[in-house]
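Data block below; observations after.
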Amino acid sequence: MTPITQTSTFANSIAMQTGQQPAPAEEGSVLSSDFETFLQMLTAQAKYQDPLEPIDSSEYAAQLAQFSMVEQQVKANELLSALGTQIGAGNMAEMGGWIGMEVRSAAPAQFSGSPITLAPNPPAAADEVFLVVRDSNGAEVQRMTVPNSAEPIEWAGVGDDQTPFEDGVYSFELEAYANDSLIGSTAVESYARITEVRSEGGATMLVLQGGVLVFPGEVTAIREDA
């Protein structure tokens with residue numbers, strides 16, 4: 001049984017001794033709140049104990065030991081929280097220099113009329129490779145044959161009739177075939193410019209053109225904005 005579970009059980013037993021209603025167990029209760037409850041219940045137990053049947057010394061010692069464990073756990077959580085905040089701030093400061101540069105990731109990319117550099121990685125066994133382009137709703141808007149090579153591709157953002165696509169966020173997928181059978185489908189990495197470094201839920205995130213969010217760990221290359 002964990003210290004917190006013991007604390008809740010202990011609190012309810014003392015509440016019954018003092019004529020109070022046991023506190024309902026709430027999932028995800030805050031550790032510091034349980035700590036304060038523990039102190040109150042420990043005091044109540046000493047106050048309302050039967051003078052003819054005092055608390056057993058070994059039981060009381062165990063409760064004091066539990067009190068110490070809960071206190072140390074509260075302090076450890078506070079220190080971890082403060083450390084996480086410092087690390088997040090440090091990451092944001094370090095990556096602030098990335099703003100304005102282009103990073104390569106498998107995230108969708110913003111098209112605004114200029115070609116987008118793609119970095120395909122087809123399997124060696126493929127004999128035919130297709131680039132599949134999807135819009136922000138996931139609908140396929142283009143399918144085109146591309147070389148079976150890891151060399152970068154410049155996606156111009158125009159249809160088969162040379163009509164430019166509308167500005168927006170597009171994702172890219174590579175379908176590889178061998179003997180007319182699909183052998184793999186993977187997201188294609190693209191380059192996009194960083195517009196902001198942001199903290200989201202305690203994690204550092206990179207904001208790309210079009211508002212696309214990526215984790216720094218998802219970036220596989222970085223270069224100066226062309």
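Residue indices begin at 1 and follow the sequence shown. The figures here come from the full heavy-atom set of this structure, side chains too, leaving out hydrogens, waters and symmetry mates.
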With a 4.5 Å heavy-atom cut-off, do [X] and [Y] have their side chains touching?
X      : Y      : answer
Val129 : Leu174 : yes
Thr163 : Val158 : no
Glu218 : Val103 : no
Thr195 : Gln209 : yes

Check the hydrophobic clustering (I, L, V, M, F, W, Y; side-chain heavy atoms under 4.5 Å; chains of links allowed) and say if [X] and [Y] are grouped together.
X      : Y      : answer
Ile153 : Ile116 : yes
Val141 : Val146 : yes
Phe165 : Val132 : no
Leu213 : Trp98  : no

Give a yes or no answer on whether the side chain of Ser190 reaches the backbone of Leu118 with a donor-acceptor pair at less than 3.5 Å.
-> no
What residues, two or more places apart in sequence or in another chain, satisfy side chain to side chain donor-acceptor pair (under 3.5 Å) together with [X]?
X      : answer
Asp180 : none
Thr145 : none
Glu154 : Thr117

Set of residues satisfying side-chain contact (heavy atoms from CB on, under 4.5 Å) with respect to [X], sequence neighbours excluded:
X      : result
Ala192 : Leu208
Ile183 : Pro123, Ala125, Ala126, Ala176, Ala178
Ala119 : Arg104, Glu189
Ser112 : Gln110, Asp167

Hey, what else clusters with Tyr191 if you join Ile, Leu, Val, Met, Phe, Trp, Tyr whenever side-chain heavy atoms sit under 4.5 Å?
-> none
Which hydrophobic side chains are connected to Tyr177, either touching it within the sub-4.5 Å cutoff or through other members that do?
-> Phe130, Leu182
Apply the test salt bridge (charged side-chain N to carboxylate O under 4.0 Å, His left out) to residues Arg223 and Glu102: give CA-CA distance (whole Å), side-chain angles for both, the deciding distance (0.1 Å), then the verdict.
-> CA-CA 5 Å; Arg223 70 183 186 183; Glu102 289 187 335; 2.7 Å; yes
Contact summary for [X] and [Y], nearest pair of heavy atoms:
X      : Y      : result
Pro120 : Pro152 : CD-CA, 4.3 Å
Phe172 : Ala109 : CE1-CB, 4.2 Å
Val212 : Ala107 : CG1-CB, 3.8 Å
Ala203 : Phe215 : CB-CE2, 4.1 Å
Val169 : Gly210 : CG2-O, 4.1 Å

Give me the ring orientation class for Tyr170 and Trp155: parallel if the planes are under 30° apart, tilted from 30 to 60°, perpendicular past 60°.
-> tilted
When Val214, Leu206, Val207, Val219 are each screened for side chain to side chain contact (heavy atoms under 4.5 Å, CB included) with Ile194, the one that passes is Leu206
Quick note, salt bridge (charged side-chain N to carboxylate O under 4.0 Å, His left out) partners involving residues 136-150, not counting sequence neighbours, are Glu140-Arg143, Arg143-Glu175
Pairs in or reaching into residues 113-137: which pass salt bridge (charged side-chain N to carboxylate O under 4.0 Å, His left out), with residues at least two apart or in two chains?
-> Arg134-Glu173
Check against side chain to side chain contact (heavy atoms under 4.5 Å, CB included), Asp160 and Gln142 | CA-CA 8 Å; Asp160 296 337; Gln142 189 174 42; 4.0 Å; yes
Sorted by chain and number, sequence neighbours left out, salt bridge (charged side-chain N to carboxylate O under 4.0 Å, His left out) with Glu196 holds for Arg198
